[in-house]
Structures are given as structure tokens and as C-alpha cells.
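If you're wondering where the values come from, they're calculated on a predicted model, not measured in any experiment. By convention in this document, chain letters (A, B, ...) are assigned in the order of the sequence lines, proteins followed by strands, and residues within each chain are numbered from 1.
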Amino acid sequence: MAGSFLDTTVVVDLGTPSSPGHTKAISLVSANQPSLVAEYAYRELLAGPVQILCDAHNRVLAAPSPAEAIASVLKGAAFAGRTSTAKAHAVATALHAALSATGTFSANDVRRDVLQSLMHRATRLWHRAQAPQGVTRTQTLACASRGPLAVDPSTKALRGPGNEFNCSRVQRCSAARHMAQHAADVTKAVDALHPSKLSDGLKGKQETTSRRKALKELQQAGPESFNKRYCRALGDAYFAVMCPPGHAVATTNTSDFDPLCAALGKSIITP
Amino acid sequence: MRKPTGSRTDSPEQLSFSELLVGVSETQASAPAEDGRSIAVTSKIDAPRVHSDGHAASRRRPHGSVLYPHLFAEGSGSSAVALKLLSQAMADAESAAEAYSSGDLLAVSARLGQIAAATSAAHAKTEFNEALGMVVSHIRRAVLRADAASVNLDQLHTLSRTLRMLFETPTIPLDNAGELIDELDAVGWDGDHSEVEALVAALFSSDANQSEASVSPAPAAEPQS
């Protein structure tokens, strides 16, 4: 049985006991040992799902009324680059219900209760995802943020480790350095993501276009001059290229990995 | 009621926040209750923890009222009220465990109701530390949802210990507060905020692909080093 190399979707499921995929993710890890998780997955987790929760918290905190809280959250990190009406409706409905809860609490305490529950979700996702049983961390990133989330004592806003959800601003991109060690695979990944080789579903997808652009930036600039703004766009390509021999990429998102792993001769497993 | 999610490890290297605190209170402090009773804060479980390899926990710290007199002092505002209510809730949790041991489920139910009332009132006074308020509110919801007939002794002991931790460390940091909630969850207390759970599910949802949405790159650029 091959070992597993977990992408961020599986790390999120491992860190969310209430998610439908939690039990399956645990089974995948135990059935596919040794199981590795690259620090890049935590970098994506912090800049993605954890930041989305903290951003929602901070927007509700700053809003003077429930209506303005809803309006603000709909402009937040969860909607970056997306314009889903159905999602906006679902978020607005859920937030309205949460802020309108009746009972013995005053309106201010109802709001605090919502803020505290968001705080709880964010801090536990970040904390739990970092120590799943049977998983070994690998491919250290010098630039990645580590440490717990914290409440700003003066504003009560929820902050990332060291007040940062992204990587260090003063260090070079470690993910680019790791990938540059596998230059031939990076070239294969660039070729695999050429629009002429993609299925119709992936051809016009913004993430696929950004990913290829980021890989070309790495090829052309090299790791020491790689523009850090492209780091997150490497995304799935990082996991496909960096998946070690004897391991399969473990993900819940096979469609984006298919062309990459096929070109690199790597296997994919799903929970 | 939520099913227990697993057992904790007992290796000295993996002690949780509350396990580290158990056995490190050396002050035999008493907390004033609203009706004038005096509640002993420490008990046998405060004895220094002896680890499996035989060494006793050497980290000792004074009681919260010594470390944080500004929060405990009468007249110091809402924090003193919150802590007084927490000490009441702690006493009620102890009484609930005692009632459970003697098979008096009616008394267990009554004590749980009192804990819900005390934590509800305490929550409004916890603005000095939102992480403390987070645990207090979680307890309130969990206790309100609980069915006294299906509560067990582990749950009551965990509840009692958690309330003591909060009382002794009102400045608890966020990460440690989350750990306390995990311990409550692990023995079956379900204090999740259902409306917020629905909100989180909606925030992570996507018309096309939920997992992709949760990790997709944001367009915001990071500064170049």
C-alpha cells in the first residue's frame, strides 16, 4: 500500500470533527501509511479557511448593526474572487439567524456569543489540524507563520500567528525553493496545464490559469527572485510536484489534480 | 447529547492545559458564594500530580485571586461578579456530581439548571476576556441541552474541573480556552452554537466545489520580499 501525501482539503477535514469527511480522512491516513503533510498545506489552511473564519469574526465585530454585519461579511475573504448568489444568500440567512437569536441574552451578548463561536471554530480548526494522529510534517517552510491565533487586547479582533495570516514579509518563498529542486517536474506541470491539454471544465478555470502563470514565474525567475504573490497560486501543483516517491496525493478534489498527476506519473487517492 | 470523541493521552509530554493546572494550585483559597457560604476552591485533586515515571509536577502557581487581585476584588466591577457566578456554578457542579453518586437525578437536573443560570449571567460580565466568555457560553449551551437522565459522572467531573480552571485562570488565553472546550466535547457536552455552525458551513460552501472554495487562492497580493 502506498503512503499518502495530504493536500489542504484533507487537512481541513482532519481538523474539523463535525465535517462529513472527518472520519473518512482519518481512515485514509491509517490505511495509507506513512502519511505525510507538507507545511505548504498549513500555509494554505491559514491563508484560506482559517483567515475566512477570522475575517468573518472581525467584520461582525466591527459592524454597528446586524444588517451592516451581513453586508460586510458578504464582501469578505469567503467571497474573494467569487460571485455566488446562492452562497451569499446562505451566508446572509445564517448570519441573520445567529444574530437574531432570542433568549435571556441581550442583543450585545447575542452578538458576543456569535463572535465567540466564530473564534472557537477558527482557533480549533487551526489547532486540531496541526496535530493529526499518524501524520508526519515535512517540507518545512521558513517563511510560514506558526503559533496560535490570538485576540487583540485593544480591538478584540482575531489575529493570525504573529499578527499574520500569510507568510513572513522578509523571507524568500520556501515553497518555491522546494519546487525548484524538481525543475523537470515543474516543466511537466506547466505543459500539463496548457489550455490545449485541459478538459473543458478546467480550461477556463481561473485557478488553473493562475497556477500555470505561477509555475512559469518559478521557471523564469528562479526561486530566489520568485514573486511571493504567486505562492498561493502554486496550490495543487505544489502537492503534485512535491509528492515523494512511494506516496500518492490524497485529496478530495481530484479534478484539478488529474492532469498534473497524470503528467508526473503520480497516483491520487481520495478519502 | 454528543458522544464522547475519544480519550486523552496521559504522557507527561502531552499534558493538556487543564492537566497542567491540576495539581499546581497550592493556595487553599476560598471563594465567596452569593448566599454567604464559603466554597473551598481546592480539594484532593489539587494535590501535586505525580507522573507515571514517579516525578511530581514541580510547576506550582498561586491561586488566581493572588495572581489577579484586580479581577477578584470586591468592587472591581464586572470581573468580580463573573468570578463570583463562576464559583457558584462550580459549587453547583460539585453538588450535581454528589447528587449523581447518590442516585438523585432530580437534584442533578436542578443543579444543571442553576449552572445554566449562573453561566448565563456570568457571560454578560466576561467582556474583560472574550476567551473566558467563549468557554462560559459553551458551557451554558451544553448544560441547557443536557438531559439529566443521560449525564454521567465523567461529564460532571469534567464540567466541575473546567469551571474551576476558569475561576482560577480568568485571563485564560484563546488557545487554552479552546482546549477546555475540546475536553468538554470529548466527554459528551455539546455546546456548539448551531446557527454559527450553519454560518460556517455556508462560508465554506461553493456552488461548484466546496473543498476547492475553502482553499482557493484569494486575489489579494502579498508583498514581495
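Contact annotation for Leu158(A): only side-chain heavy atoms (C-beta onward) come within less than 4.5 Å of a heavy atom of chain B. The parts of Ala97(A) that come within reach of chain B are both its backbone and its side chain, each placing non-hydrogen atoms under 4.5 angstrom from that chain. If you measure heavy-atom distances from His127(A) to chain B, the contacts under 4.5 Å come from the side chain alone. Contacts between Asp7(A) and chain B at a heavy-atom distance below 4.5 Å are absent for every atom of the residue.
The residues Asp182(B) and Arg128(A) are annotated as salt-bridged, a charged nitrogen and a carboxylate oxygen being separated by less than 4.0 angstrom.
Contact tally against chain B (heavy-atom pairs below 4.5 Å) for Asp113(A), Thr123(A), Leu149(A), Val91(A): the top residue is Asp113(A). When Ser194(B), Ala121(B), Gly178(B), Ala198(B) are compared by the number of non-hydrogen pairs under 4.5 Å with chain A, Gly178(B) comes out ahead. With chain B as the partner, the residue from Ala98(A), Ser19(A), Ser117(A) showing the most heavy-atom pairs under 4.5 Å is Ser117(A). For the options Glu195(B), His193(B), Glu130(B), heavy-atom pairs under 4.5 Å to chain A are most numerous at Glu130(B).
Side-chain contact between Tyr40(A) and Cys231(A) is present, with heavy atoms from C-beta onward closer than 4.5 Å. Looking at Val114(A) and Arg111(A), their side chains never come closer than 4.5 Å, going by heavy atoms from C-beta outward.
Figure legend: cation-pi geometry between Lys213(A) and Tyr230(A) absent, as NZ or CZ is not positioned both under 6.0 Å from the six-membered ring centre and within 45° of its axis.
The number of heavy-atom neighbours closer than 6.0 Å to NZ of Lys24(A), taken from other residues, nucleotides and ligands shown, is 12 or below. Around NE2 of His96(A), the count of heavy atoms belonging to other residues, nucleotides or ligands within 6.0 Å does not exceed 12.
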